[in-house]
Structures are given as structure tokens and as C-alpha cells.
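Data first, discussion second: the structure below is written as C-alpha cells.
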There are 2 protein chains.
Amino acid sequence: MTDRAHAGRAVAVRRGGVPEATVARLPLYHRVLVDLAESGVATVSSDALATTAGVNPAKLRKDLSFLGSYGTRGVGYEVSVLIEQIGAELGISSEWPVVIVGVGHLGHALANYGGFASRGFRLVALFDDAPQLVGTEVAGLTVRPFADLPAVARADGVLIGVVATPAPAAQQVADALVAAGVNSILNFAPVVLSVPPAVDVRRVDLASELQILAFHQQRRGDDLGQVAR
Amino acid sequence: MTDRAHAGRAVAVRRGGVPEATVARLPLYHRVLVDLAESGVATVSSDALATTAGVNPAKLRKDLSFLGSYGTRGVGYEVSVLIEQIGAELGISSEWPVVIVGVGHLGHALANYGGFASRGFRLVALFDDAPQLVGTEVAGLTVRPFADLPAVARADGVLIGVVATPAPAAQQVADALVAAGVNSILNFAPVVLSVPPAVDVRRVDLASELQILAFHQQRRGDDLGQVAR
DNA sequence: GCAACTTTGTGCGTTCCTTCACAAGCGCTT
DNA sequence: AAGCGCTTGTGAAGGAACGCACAAAGTTGC
């Protein structure tokens, strides 16, 4: 999973010491809960919520227990309360300024992704150096040349950046992001970024995901003595 | 019934028993190794490879040991051998036919992703029901109406599908994929898909990834006594 | 006010994963 | 051919995560 050993020893169950595995599931719970709320559901049991989210009920309860005790025995959880508590834990209350670098198809897709605001993010700028893109408007923002990054980053206090460039450009983009004070990077380029230890990088890679699926698929096939056609 | 039944524990580490955590890292190693090979590197030590991939050297060696013993003590690993062995384990040798449903910006980005062929995948069809898209050519393929899915899936033996539609359409797309014999789904839509137990779904969600980053960012800020924003 | 019922919160055993540390093995040098 | 330096492969220890199972705690109905 993640071997981002944050602070090394801080993982102990201190105040706010939510296990990494739990953190990774909180956004999922949040999403499911918001959907429930929109469907008019006011209260939900751990069993029902766990089924919807596709996890084990006991695991769900334990995850939620790290945030505090917000359930009512015999009844369940109030959806709105959970949404608020998970949101608080994830920092949705504050509004994180985010920049996207690279406005190809992927950058477009990300920029037009509707869920930024409702999840605590504000897209503040799009960068790309392609002349035919600079100056055009995408998702209500004007695409700016990458050279503008430092100014924007400092002006808006940007700490989170998304790399959606082709692989060859990714490393130097990351370097520039780090130099501009960004220390959380979401990397969609199929390369391993080299950054200072203080910078947190998450990598999202289509091919890796497909290969993991293919591995399981292959194993299933082997078990049945079948051959992938 | 399987080896698992009459084997206490050792067999779990035997042929085909690669731990899930290791499987998730193999594509990363593969990618790094291919990059090394293209740079003309012929041999690499676990330390060097681990540094490049950003993992612990011992973990890397243990991961590789599940595939067999392909290193030379005192020297390291031959890059080409590792690429081949990891490829074999991941099923890169065979060529998995893949379909993408949804040809918006994200679908475009995925379709134009160059790494399919080199990683054992062959993109066989793109589906979208938008009239202005059907019939157009994307990434060398003609976009087809979603109704064509069953025919294509059976003709090509498609077992892996990518959902790149907006959230509201995702569930029914998934249902159709399953009905057409697809049992590995990569889901980019921000919803939890409900599928039969035999179907393997992996979810890739921009917002979740950002929220995990934000959580760590927030925790770092808290540690320093800072306030977000 | 009490009993029956429901659901949470969690202690505990189990499994999985990670990391350390070192013996075994290989090539190079002398 | 023997010793030296380097790197792999892995035993073992320590953590982290999972999930069962149940007591605690609340609600509902009478």
C-alpha cells in the first residue's frame, strides 16, 4: 500500500492518529454518505453502509470509531453527522487551493471534474505551455503558461498540485511545483517522481491498475485450466 | 480443493501465491525496469532499483523472490531478465483485449494512452452513445454505440473493461459489461459499482486521492501548529 | 418500568505485510 | 586456489490491519 511513513513514529494512536488504511477509506465512506443524503436517507446502520460501500461492517465501525463515537446503539448513524465528521477529519472544511499542470485530454477531464468544491478543493489555475492552449478557457479558467506557476502558487498558497503532463515533462514539472512550495503532488504521469522526502506524492497509473486486474484475471483463468484467448 | 486445502502455510508462498501487496507493486517495478533498459542499463542491484522505485530494498528483494531466484549474488539483477519475469507473472505475454466505455475527455485520454501494447493490452473498442461521437475516430478506433458491446465482447473475448462515463451512467454500463462476459472492471466514475462477487472492480477516483493528500497535508500543518488556508 | 430487540464500539486472535539482519553465494583479485 | 568485497535471498521479529464475536447501550412496545 502506501509506504509513505509520515513522520515515522507518529503513527501511534495519538490524538488524530487515524491509521493509514482507514484514511484511505474515508473518502469512500464520505462519497457513499453524500449519495445517501441526496437520496433523502437520514439514518444508516453500519451494516447498510458497509454493504453499500463494499466493506466489512466491523471494519467500517472500527474506522468510524477512530473519529469518535457518533453512532447511536440500536439505531445507527445519522448521515449528516457522519458526513460532517469525516469531512472534518479529511479537511474538507477548509478549502484547499489546487493547480493542474498539463491541459491535454486528461487535464481537461480533471478540470471539468465537478466534485472539487463539494470536497474541499478549489481549482485555482491550469498550466500548459502549448501555444495553442495558453489563453484558452477551460472549466472557467484561463490556461496560463507554466512560468506563471510560482506567482500563482504563492499568491494563493497552493500546497497541492496535479501533474497531468506526458511522462517526459513530469519530473521537471514536479521540480517546479516543489520549488513553488507545493508539497503534495498527485501524479498521473507514468513515471516515478523524484522529490524531497518532505513532499508527498501519490501516483495514479492506468497501466498499473489494468495490470493488477489482468493478474487476477489470469490467476482465475489458471485455476480453471483455461487459457486467455 | 486447491493446494490451499491440504497445505498448511508454506504453499501460500508457493507457485502462484504472490501476496496481494506484492502484485500491486510489480507494475511499478516493471515500469522502472523498462525505463532503465531504455537508458541502456543492463544490470541493477536491489538497492539501486529500490531507490529508483521508492521502496525499501529488502521489500523489493522479497517481492522479487516470490517470482523465483533471478538475481546473482555480488552482482545484482539482469534488467532484461527481470522485465521478462515480471511480465510473465503479470500476464504481459498474453495480449488482453480491453474496451473503454465513455469517450469524454477522460475516455480520450485513456484511449490515447500509449502504453497499452507494451504492457500486454490491446484496445479493441470504444463505446459511447453521444450521437456526435459515434462514428468518429479516436486513437485509431471508430467510436461505436454502446449497444454493440455484446457482439464485440464475444467476438474478441473481452474480459477487461474500463468505465469512463459520468457517474449516473456507470452502474448500467457495468451491468452491461458483466452481462457481456467482462469480469474485470476498472472504474473511473465516482460511484461504487454493484456487481456479482465473481467480478473484480478497481476504483480510481480523483477526489479520493486528493482527499488523502489533503489529509496528510492537514496533519503536517497541525503538527506545525499552522492553520490550513 | 421492564423486557425484548437492535446496533454500536471494541477486545482479541489471526493473518498479512514490512523490515532488519545475516548467512550463503558469486565474481574479482592476487 | 584462496581470500575479499559485494549483493542476494530469507528467517525471524515486530507491526498493522482484519474480522469475529460479544458486552454495552440505546430504542421500542407493552
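- Phosphate contact (OP1/OP2 of C:dC17, side-chain N/O of B:Asn56, threshold under 4.0 Å): absent.
- To the nearest angstrom, P of C:dC20 lies 11 Å from NZ of B:Lys59.
- For B:Phe66 and D:dT10, the CZ to P distance is 10 Å, given to the nearest whole Å.
- In this model, the phosphate group of D:dT10 is not approached by any side-chain N or O of B:Lys62 to a distance below 4.0 Å at OP1 or OP2.
- Here the OG1 atom belonging to A:Thr165 is positioned 13.5 Å from the CZ atom belonging to A:Phe127, to the nearest 0.5 angstrom.
- Taking 4.0 angstrom as the limit, A:Arg61 places none of its side-chain polar atoms (N or O) nearer than this to OP1 or OP2 of D:dC18.
- A:Ser45 places a side-chain N or O within donor-acceptor distance of the main-chain N or O of A:Ala48, the cut-off being under 3.5 Å.
- Residues from residues 74-85 of chain A placing a heavy atom under 4.0 Å of any atom in DNA chain C, listed by number, are A:Gly74, A:Val75, A:Gly76, A:Tyr77.
- At least one donor-acceptor pair closer than 3.5 Å links the side chain of A:Trp96 to the backbone N or O of A:Gly91.
- The OG atom of A:Ser69 lies 7.5 Å from the OH atom of A:Tyr77; values are rounded to the nearest 0.5 Å.
- Within residues 37-51 of chain B, the residues having any heavy atom under 4.0 Å from DNA chain D are, by residue number, B:Ser45, B:Ser46.
- Taking atom CG of B:Leu64 as the reference point, atom P of D:dT7 lies 16 Å away to the nearest angstrom.
- Put simply, the side chain of B:Asp156 never gets that close to the backbone of B:Val158: no donor and acceptor are under 3.5 Å apart.
- A heavy-atom distance below 4.5 Å is not found between the side chains of B:Arg203 and B:Phe188.
- Distance B:Asp63 CG to D:dT10 P: 13 Å, rounded to the nearest Å.
- The residue among B:Ala58 and A:Arg25 whose nearest nucleotide of DNA chain D lies closer to the 5′ end is B:Ala58.
- Residue B:Tyr70 contributes atom OH, which lies 11 Å from atom P of D:dG9 at whole-angstrom precision.
- In this structure, CD of A:Glu20 is placed 12 Å from P of D:dA16, rounded to the nearest angstrom.
- For B:Arg73, the side-chain atoms get nearest to C:dA23 when compared with the rest of D:dT27, C:dA23, D:dT10.
- Note on ring orientation: taking the six-membered ring where Trp is involved, the planes of A:His105 and B:His105 are tilted (angle from 30° to 60°).
- Pairs engaging residues 168-197 of chain B under the side chain to side chain donor-acceptor pair (under 3.5 Å) rule: A:Gln217-B:Asn183, A:Gln217-B:Ser184, A:Arg220-B:Ser184, B:Gln171-B:Asp175 [sequence neighbours left out].
- At a threshold of 4.0 angstrom between heavy atoms, the contacts of B:Thr22 with the nucleic acid are absent.
- Side-chain N or O atoms of A:His30 include none that pairs as donor or acceptor with a backbone N or O of A:Leu26 at under 3.5 Å.
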